[in-house]
Protein chains: 2
Amino acid sequence: MAPGGAIMLTTMSTSLHFRAIEHLGTRIVSGKLPTGHVMLAEHLEDELKVSRSVVREAVRVLQSLGLVETIKRVGIRVLPAHRWNPFDPMVIRWRLAGEGRGAQLRSLAELRFAVEPAAAELAAENAPGTLRSELVEISLAMREAGRAGDMATFLELDIRFHALVLSGSGNEMFANLIGQVTETLTGRTVHGLMPEHPKEAALQWHVEVAQAISDGDGDKAREASSSIMRETIADLSPGWAGQPRVFVPVERR
Amino acid sequence: MAPGGAIMLTTMSTSLHFRAIEHLGTRIVSGKLPTGHVMLAEHLEDELKVSRSVVREAVRVLQSLGLVETIKRVGIRVLPAHRWNPFDPMVIRWRLAGEGRGAQLRSLAELRFAVEPAAAELAAENAPGTLRSELVEISLAMREAGRAGDMATFLELDIRFHALVLSGSGNEMFANLIGQVTETLTGRTVHGLMPEHPKEAALQWHVEVAQAISDGDGDKAREASSSIMRETIADLSPGWAGQPRVFVPVERR
DNA sequence: TCACACCAATATGTGCAGACATCAAAACTC
DNA sequence: GAGTTTTGATGTCTGCACATATTGGTGTGA
């Protein structure tokens, strides 16, 4: 679905087409339908109790995500995981829901670690004025809420803080990661990975990032953001300890 | 399409469904069909001279990319650009082909600048042994080809070098950027943005990255990779000078 | 007269069923 | 073993019924 799968999910949940995508997508990503497995459209009609058009439209979407390919006279074949589009919101959601959860969280965290400092640097150079000042306000409010131990408010501000940094970069690919970052932050709190009070240093780094962006100091913004990321990774990494890494083949040209 | 749109493009170019996606996708991304523009499925049938099933399957795919939404009793509405999935290979390809080329190149370059050093660091920690040694070999061959001014060989090796670094990270999201990086590198050569001989320093940085990865020295690998990226950005940035930045709105929760 | 609530008409997407076209795997012929 | 035919699955087209949101009209009360 469009960036923001959760919203779509509610508005489209009545559509048979969408349900077919979910059904097949989750089963493929979870590994229940292994690589190379071949299905017949007719068989899917029976299984899902829907008509051919619904199955076909769903298969077409999955095809565009790289999850399956259709071959005449053969059927619908499940593609290997390295062919899936790892940036697609639906694929990410399905991986988070099943086996691949740990590996997916690690991938997202590493991506975020790479991107957020870069986004902070760009925001310092490009962000509109209103965004800069809101960022400073939020960072101060975060510090206050953090010290007070008001974790609900803290989470809300934290989410908005990181969203603003990503948005303020003026890079739409960075901004597109807002959803995943939001999920990470909420997940961390929901799963009880946050301490009673956030570390004072972390609070200070947020203020630093905001101030540096506000001052247009790209280097400082990047550095402070890196510090936050290091801390975040340290908090989260136990969640994916021991997950095997997958090395996608580099085909020779 | 699956990661690797170019391949799909050739294998599927006969399909009406695929042509419909391309037709609509390019026109939406290029701005010829502006945000909010409403189309009727029936009208698209006439325009493309195809049947409903083809149109519907195409619209479903575009919907999953966030390019359009379908509303009962209204039609098919074009969504604003900030709803498009900026990581989708098709969207990227369409943007590169039209108006948004400059902005798209900048986005990709910034993403690459953020990701490649991180990938190099991870590769130093995780890459399999064979990959490490191949990387060293390639970096040395690159230096040789570069000094000899054999730019064809250099480009080929350069592509494989960066692909191996991304793949060696063991992060499938990083690895998925191989296609875009390849396109950037080829484009830079094809469009005559490369000097007669690559700079000696750049050649040396590549060797350094490979050696550091081979030695498992993550910090050094990251630093050397950053140097390459700074150089690369400096070479390419004139290509998108003056492109306006788009700040995607952060919706309040 | 105006404002509002309600209801019916209607256009459009959604889903279904069946037909024929196309193409590649598999079986068959020589 | 090479070439040909058969076969079976996807690809495409079409007609139809249903669900639903917009639209406009209708009625009621202020």
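- Atom C1' of nucleotide D:dT10 and atom CD of A:Gln63 are separated by 11 Å, given to the nearest angstrom.
- Atom CE of B:Met90 and atom CG of B:Leu65 lie 4.5 Å apart (nearest 0.5 Å).
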Show the numbers, then the answer: is there a side chain to side chain contact (heavy atoms under 4.5 Å, CB included) between A:His17 and B:Arg60?
-> CA-CA 9 Å; A:His17 155 72; B:Arg60 278 281 145 79; 2.7 Å; yes

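- Taking the salt bridge (Lys or Arg N to Asp or Glu O under 4.0 Å) definition, one finds that A:Arg112 meets it with A:Glu116, sequence neighbours left out.
- Applying the side chain to side chain donor-acceptor pair (under 3.5 Å) criterion to B:Arg95, with sequence neighbours excluded, gives A:Glu172, B:Gln104.
- Under a 3.5 Å cut-off, the side chain of B:Asp158 and the backbone N or O of B:Phe154 do not form any donor-acceptor pair.
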Full working for side chain to side chain contact (heavy atoms under 4.5 Å, CB included) between B:Asn176 and A:Arg83 | CA-CA 9 Å; B:Asn176 191 250; A:Arg83 294 283 302 274; over 6 Å; no

At a cut-off of 3.5 Å, list every protein nitrogen or oxygen paired with a nitrogen or oxygen from nucleotides 2-5 of chain D, distance to 0.1 Å.
none

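- For the pair A:Thr70 and D:dG11, the criterion of a side-chain N or O lying under 4.0 Å from OP1 or OP2 is met.
- C:dG18 atom C1' lies 14 Å from atom CZ of A:Arg56, rounded to whole Å.
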Please tabulate, one pair per line, each protein N/O and nucleotide N/O from nucleotides 14-16 of chain D that are separated by under 3.5 Å, including the distance.
residue	atom	partner	partner atom	Å
D:dG15	N7	B:Arg52	NH2	2.4
D:dG15	O6	B:Arg52	NH2	3.3
D:dC16	N4	B:Arg52	NH1	2.6

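- A donor-acceptor pair under 3.5 Å is formed between the side chain of A:Arg132 and the backbone N or O of A:Ile213.
- Between the CG atom of A:Leu44 and the P atom of D:dA9 there is a distance of 13 Å, given to the nearest Å.
- The main-chain N or O of B:Gln243 is found under 3.5 Å from a side-chain atom of B:Arg106 such that the two form a donor-acceptor pair.
- Pairs passing the side chain to side chain donor-acceptor pair (under 3.5 Å) check and including a residue from residues 26-38 of chain A, sequence neighbours excluded, read A:Arg27-A:Glu47.
- Scanning both residues, A:Glu110 and B:Phe174, for their nearest heavy atoms gives O-CZ, 3.7 Å.
- Of the candidates C:dG15, D:dT10, C:dG13, C:dG15 carries the atom nearest the A:Val54 side chain, counting heavy atoms from C-beta on.
- The nearest whole Å value for the distance from the CZ atom in B:Arg19 to the C1' atom in D:dG11 is 14 Å.
- Distance NE2 (B:His43) to P (C:dT12): 12 Å, rounded to an integer number of Å.
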Kindly determine whether A:Ile76 and A:Leu40 satisfy side chain to side chain contact (heavy atoms under 4.5 Å, CB included), including the steps that lead there.
-> CA-CA 6 Å; A:Ile76 299 148; A:Leu40 270 42; over 6 Å; no

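- As rounded to whole Å, 14 Å separates atom C1' of D:dC13 from atom CG of B:Asp46.
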Give the B/S/- string for nucleotides 21-27 of chain C, one per nucleotide from 5' to 3', where a protein heavy atom under 4.0 Å of the base yields B, of only the sugar-phosphate yields S, and otherwise -.
-> -BSBB--

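- At whole-Å resolution of the value, NE2 in A:His17 and P in C:dC16 are 13 Å apart.
- Distance B:Glu42 CD to C:dT14 C1': 15 Å, rounded to the nearest Å.
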